[in-house]
Visitor: 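One structure, pasted below without further comment.
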Amino acid sequence: MIKLLATGDLHLGRSSTAISAGGVLPTREVWNLMVDYAIRHQADAILLSGDIIDRENRFFEAVGALLDGFDKLQEAGIAVFMVSGNHDFDVLPSIITEKHSGMIHLLGQNGAWEEKSFERNNTAISFVGWSFPTQHVFDSPLSDLADKPLNAANIRIGLLHGDLFAASHYAPLNISDLRRKGVQFWLLGHIHKPFQNVEQGVEIHYPGSPQALSPKEKDTHGPLWLEISQSGEIRIRHLALSPVRYEDLRIDVSETENEHGVRSLLLNTLEDRTKEIRAEEMMPQQLVFDLHVSGSYAEPDAILSIFGQNLQDFDRNLDGMAVRIRKAHVHVTPAIGDISELAKQASPVGLLADYILKLEQNSDAPEVVALSKAWLKQYEQLSTQSAYQPLRQEGRDRSPVENHKELGKDYLLDTAYRLLGEMLQQTREN
Ligand SMILES: [Mn+2]
């Protein structure tokens with residue numbers, strides 16, 4: 001059997017953002033954890049699929065951590081196979097020193113595919129890889145890869161950095177090309193969210209960034225652990241080694257009676273989730289929550305004022321795990337009782353309740369259609385303003401019109417509920 005620890009997108013030199021007050025957690029933390037794990041579990045090799053060193057940040061910090069790890073791995077007889085990505089195409093070749101030659105391999109330099117066989121414990125495999133020669137690569141490198149492995153009897157593992165999801169200038173890839181190259185296991189890099197496509201005979205994996213770098217990288221992150229049997233069977237496990245975990249936490253306040261109830265619901269939900277994570281096999285050092293508060297409540301403003309306080313002052317430490325709240329999204333509607341009863345009233349309240357019902361049922365009543373159209377028109381005018389041009393160029397606003405319609409419905413409902421709540425409150429006060 002051959003045991004491998006595999007990841008990409010380490011971005012050494014960068015640190016995870018938005019963690020506990022004053023805390024900084026550089027990604028060399030997860031690199032050190034990986035090296036220790038590989039040694040402790042007697043891995044045969046570590047595989048790295050590019051963007052190992054971050055382009056923008058402190059090369060020297062990155063290189064020190066990387067070389068320290070290489071030393072330890074070499075001493076333990078663990079090989080390293082890697083390829084470069086768009087962040088480290090120029091610096092990765094310079095860190096392979098003579099000292100590490102024979103154990104540390106940068107495959108496919110200068111954009112030429114390279115294959116090396118690897119044998120341990122009577123199991124023979126080969127690694128085939130291609131490295132970014134420049135920062136931008138506009139065509140798929142796969143067209144240059146021979147579809148026959150060095151030795152047809154062996155399992156062929158592919159290492160490649162590229163983009164499977166967009167026609168980008170970072171080596172655009174597609175699944176059908178990946179399928180046709182005699183590779184049983186593809187280790188890809190570039191996409192930070194873990195992804196896998198598993199089929200008979202070929203597995204495609206983006207392990208994702210092993211250390212979650214920002215609140216955009218939610219849930220478990222970590223490298224893959226591969227075991228390849230003599231008969232060529234591949235077993236894979238995702239290890240939650242990331243020292244940072246960002247999570248969404250949902251709280252529905254509908255069943256609470258008062259503000260005291262809301263606060264204790266919040267604390268109980270936090271404690272329950274925190275304990276669950278603490279009980280996992282690999283506990284993060286930093287746990288960062290984004291709260292999503294929803295439901296209906298008599299006075300939504302009271303909820304807003306609870307969660308509008310300085311949430312970042314919350315600082316809990318549970319057996320070495322720091323717990324933090326980054327922000328809260330509050331989407332609470334006024335509790336308004338039975339809306340279909342209200343809709344029967346011959347009053348402004350009744351009219352508004354009737355409109356809400358129709359909107360919720362996606363009715364094609366003329367008043368609903370007219371309002372939705374008006375919203376969409378305003379929204380599109382707003383989103384084509386020149387101030388938002390840079391966002392569009394980065395491709396952050398490519399959502400189809402269908403999504404805009406859904407968004408419009410949410411906005412209209414939110415406003416209508418708010419208005420209805422206020423109208424009812426005024427009626428009560430009068
Ligand atoms: Mn990349």
Side-chain angles (χ1 to χ4, degrees), residues 6-17 26-28 30-31 34 46-59 61-63 65-66 80-96 106-114 127-142 144-145 157-175 177-178 186-197 204-218 221-224 242 244 393-396 398:
T7 194
D9 299 278
L10 260 167
H11 287 276
L12 284 168
R14 264 173 83 176
S15 295
S16 299
T17 59
T27 62
R28 83 174 101 87
V30 80
W31 169 241
M34 279 178 55
I46 283 189
L47 313 181
L48 303 168
S49 58
D51 285 3
I52 298 152
I53 298 175
D54 192 77
R55 184 161 183 75
E56 313 295 327
N57 298 278
R58 300 186 288 209
F59 167 74
E61 177 190 325
V63 92
L66 204 54
V80 175
F81 289 87
M82 57 189 175
V83 293
S84 62
N86 53 299
H87 272 262
D88 51 10
F89 68 95
D90 53 350
V91 297
L92 214 48
S94 45
I95 60 150
I96 311 285
L106 176 59
L107 295 174
Q109 293 193 56
N110 307 315
W113 285 94
E114 180 182 0
F127 297 112
V128 63
W130 177 93
S131 283
F132 262 63
T134 50
Q135 190 176 5
H136 295 120
V137 172
F138 297 91
D139 300 310
S140 171
L142 287 165
D144 298 333
L145 172 62
I157 309 248
L159 279 77
L160 183 57
H161 196 87
D163 196 337
L164 189 55
F165 303 106
S168 77
H169 41 272
Y170 299 112
L173 309 173
N174 70 60
I175 286 198
D177 287 345
L178 290 167
W186 277 109
L187 179 74
L188 302 181
H190 191 60
I191 306 295
H192 289 193
K193 187 181 166 72
F195 167 87
Q196 58 187 51
N197 185 83
I204 299 165
H205 289 259
Y206 276 107
S209 48
Q211 176 167 329
L213 289 164
S214 81
K216 278 187 269 175
E217 302 184 4
K218 291 238 157 56
H221 278 250
L224 300 176
S242 174
V244 186
Q393 278 171 351
E394 283 171 38
R396 290 195 207 162
R398 281 189 299 201

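Both ligands and their constituent atoms are indexed starting at 1 by order of listing.
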Visitor: Under 2.8 Å from the Mn ion (ligand 1), is there any N, O or S atom belonging to Y170?
Guide: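 No - counting backbone and side chain alike, Y170 has no N, O or S atom under 2.8 Å.
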
Visitor: So does H87 have any N/O/S atom less than 2.8 Å away from the Mn ion (ligand 1)?
Guide: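 No N, O or S atom of H87 is closer than 2.8 Å to the Mn ion (ligand 1), so no.
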
Visitor: Can you confirm if the aromatic rings of H205 and F195 lie within a centre distance of less than 6.0 Å?
Guide: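 Judged by ring-centre distance (under 6.0 Å), F195 and H205 do not meet the cut-off.
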
Visitor: In D51, the N, O or S atom nearest to the Mn ion (ligand 1) is which?
Guide: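 Among the N, O or S atoms of D51, the one closest to the Mn ion (ligand 1) is OD2.
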
Visitor: Taking C-beta and beyond as the side chain, do L164 and I191 meet within less than 4.5 Å on heavy atoms?
Guide: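 No, side chains not in contact.
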
Visitor: Quick one: do the H221 and S209 side chains pair a donor with an acceptor below 3.5 Å?
Guide: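 Short answer, yes.
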
Visitor: Among the N/O/S atoms of H190, which is closest to the Mn ion (ligand 1)? Give the atom name.
Guide: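 Looking only at N, O and S atoms of H190, the one nearest the Mn ion (ligand 1) is named ND1.
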
Visitor: Do you know which N/O/S atom name in H161 is closest to the Mn ion (ligand 1)?
Guide: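 The Mn ion (ligand 1) is closest to the H161 atom NE2, counting only N, O or S.
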
Visitor: Are any non-hydrogen side-chain atoms of D163 and P172 less than 4.5 angstrom apart?
Guide: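 No. Closest side-chain heavy atoms not under 4.5 Å.
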
Visitor: If we only count heavy atoms from C-beta on, is the E61 to D54 side-chain gap below 4.5 Å?
Guide: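 Not touching, per the 4.5 Å side-chain cut-off.
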
